[in-house]
**Student:** 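Pasting in a structure now, in structure tokens, and then I'll have a few things to ask.
In what follows, chains are A, B, ... by sequence order, proteins preceding strands, each numbered from 1.
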2 protein chains.
Amino acid sequence: MAAPKDPRPCSIADALALVGEKYSLLVLREVCLGNGRFDQLVRNIGAPRDILATRLRRLVDARILTKRAYSERPQRFEYRPTEAGLELEPVLMTLMTWGDRHLRGDEDRPMVIEHSCGNELVPVVTCRACGDPVSHEDLTAHPQVPGWSVAGPTAA
Amino acid sequence: MAAPKDPRPCSIADALALVGEKYSLLVLREVCLGNGRFDQLVRNIGAPRDILATRLRRLVDARILTKRAYSERPQRFEYRPTEAGLELEPVLMTLMTWGDRHLRGDEDRPMVIEHSCGNELVPVVTCRACGDPVSHEDLTAHPQVPGWSVAGPTAA
DNA sequence: CCACCTGAGTTGGAAAGTCGAACCCACCCG
DNA sequence: CGGGTGGGTTCGACTTTCCAACTCAGGTGG
């Protein structure tokens, strides 16, 4: 009865099912930057128009984006992030920081984000409870679903 | 001469070119959990074996994973995250938190992460300079490449 | 010795998704 | 009227994915 496809139940997988397709997160990037029009998206992302159209439909269905007219007659539309969409920005920030660090010679970063405190944003993931920056060795995973244990950190 | 494909230069796009393909981030998830063997990956991710094999090659090439033998005779291998791979964990954490919040009825989370401080990990992206949690309206993007401006936050 | 198992993949062919260019439609501009 | 713009849709060629079956090497049990 068990289907031969029952991967680990996981919110990462669920999230990626919505935003993990090619271009989806780049759409979100542009929309968060305020570039929400179809032709802007095509140009700035470099995606085929048809793919972009299907991605936009999906993201709107998932309530990550909304489509609103910024002009009737002629009808013209613009996509914007919802609350849920904006809450994906941390994913973009951490990805960007990783890319800056590992894929570029540091100081040819194509974009710098300024924080309202006046400094350049260097995003750090911290623990809400203790406020400390989080690193791998501080984490212990506790699966909640029977049958889906983890091996735990492999001894060095 | 300008190719008809010049999307915005962007570290998010560059990072996604490496880890944005289907299953890649799930591979990283499993490997960070300590489940680094081929058949574990197949089972826990639910990916076709051939696709998984090409993803693993790619991630090893990108120095996000390493492949090491955990047994000669019989030869058996295990994939592990590199430093660079571990630095992608924040991406997984923020994705997981988003998925928990938006895709589930809060309290059927399939996995809980414990921080070494003793509390459940709730990851928060903060600004390294001022320490404050980051939210969208605190951010200003400064493109460094001529010709790639942004619209800026659209007035409500 | 032989059959069978496990781990770690590779192979082949059908099905699905992507790409790019061309097309469409409504509307505005001169 | 002719041309331009914004926001898509359609088409066919091409590329990936998927899944089952196969391989290969080295144990394991009888």
**Student:** Treating B:Ser71 as the side-chain partner and B:Pro74 as the backbone partner, does any N or O pair qualify as donor plus acceptor under 3.5 Å?
**Tutor:**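 Checking the backbone N and O of B:Pro74 against the side chain of B:Ser71, a donor-acceptor pair under 3.5 Å is found.
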
**Student:** At 4.0 Å (heavy atoms only), tell me whether B:Phe38 reaches a base, stays on the sugar-phosphate, or touches nothing.
**Tutor:**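 Since a base atom lies under 4.0 Å of B:Phe38, the category is base.
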
**Student:** Would you mind listing the cluster partners of A:Leu86? Hydrophobic ones only (ILVMFWY), side-chain contacts under 4.5 Å, chaining allowed.
**Tutor:**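 Its cluster mates, by chain and number: none.
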
**Student:** Supply the members, apart from A:Trp148, of the Ile/Leu/Val/Met/Phe/Trp/Tyr cluster built from side-chain contacts under 4.5 Å; use none for a lone residue.
**Tutor:**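 Direct or chained contacts put A:Trp148 with A:Val145.
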
**Student:** So does B:Gly85 get a backbone contact from the side chain of B:Thr82, meaning a donor-acceptor N/O pair under 3.5 Å?
**Tutor:**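 Checking the backbone N and O of B:Gly85 against the side chain of B:Thr82, a donor-acceptor pair under 3.5 Å is found.
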
**Student:** Under 4.0 Å from any atom of DNA chain C, heavy atoms only: list the residues of residues 55-69 of chain B that qualify, in numerical order.
**Tutor:**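 Correct list: B:Arg57, B:Lys67.
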
**Student:** Any side-chain heavy-atom pair from A:Pro143 and A:Val150 closer than 4.5 angstrom?
**Tutor:**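 Side-chain contact under 4.5 Å: yes.
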
**Student:** Excluding sequence neighbours, so at least two apart, what forms salt bridge (charged side-chain N to carboxylate O under 4.0 Å, His left out) with B:Asp100?
**Tutor:**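 Expected list: none.
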
**Student:** Answer yes or no: does a side-chain N or O of A:Tyr79 lie under 4.0 Å from OP1 or OP2 of D:dG6?
**Tutor:**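 Indeed not, no polar side-chain atom of A:Tyr79 lies that close.
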
**Student:** Show every salt bridge (charged side-chain N to carboxylate O under 4.0 Å, His left out) that has at least one partner inside residues 58-77 of chain B, sequence neighbours left out.
**Tutor:**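 For residues 58-77 of chain B: B:Glu21-B:Arg58.
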
**Student:** Go along nucleotides 24-30 of chain D 5' to 3' and tag each nucleotide: B for a protein heavy atom under 4.0 Å from its base, S when only backbone or sugar atoms are that close, - otherwise.
**Tutor:** -BSS---

**Student:** Are the side chains of B:Thr97 and B:Leu121 in touch, meaning some heavy atoms are under 4.5 Å apart?
**Tutor:**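 Sidechains of B:Leu121 and B:Thr97: no contact.
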
**Student:** Enumerate the residues from residues 39-53 of chain B whose closest heavy atom to DNA chain C is under 4.0 Å, giving them by residue number; use none for an empty result.
**Tutor:**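 Nucleic-acid contacts, sorted: B:Asp39, B:Arg49, B:Asp50, B:Ala53.
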
**Student:** Ring pair (Phe, Tyr, Trp, His ring centres under 6.0 Å) with B:His115: which residues, sequence neighbours excluded?
**Tutor:**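 In terms of ring pair (Phe, Tyr, Trp, His ring centres under 6.0 Å), with neighbours along the sequence ignored, B:His115 is linked to no residue.
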
**Student:** Using modelled atom types and a 3.5 Å cut-off, is there a donor and acceptor pairing between side-chain atoms of A:Gln40 and backbone atoms of A:Arg37?
**Tutor:**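 Yes, A:Gln40 side chain to A:Arg37 backbone: donor-acceptor pair under 3.5 Å.
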
**Student:** Considering only Ile, Leu, Val, Met, Phe, Trp and Tyr, and joining two whenever side-chain heavy atoms are under 4.5 Å apart, list the other residues clustered with B:Val112.
**Tutor:**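 Result for B:Val112 is none, singleton.
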
**Student:** Who pairs with B:Val42 by side-chain contact (heavy atoms from CB on, under 4.5 Å), at least two apart in sequence or on another chain?
**Tutor:**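 side-chain contact (heavy atoms from CB on, under 4.5 Å) list for B:Val42, sorted by chain: B:Phe38, B:Arg49, B:Leu52.
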
**Student:** Does anything in residues 15-25 of chain A come within less than 4.0 Å of DNA chain D? Heavy atoms only, and list the residues if so.
**Tutor:**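 Close to the strand, none.
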
**Student:** Give me each pair satisfying salt bridge (charged side-chain N to carboxylate O under 4.0 Å, His left out) with a member in residues 120-148 of chain B, each pair once, sequence neighbours excluded.
**Tutor:**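 For residues 120-148 of chain B: B:Arg109-B:Glu120.
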
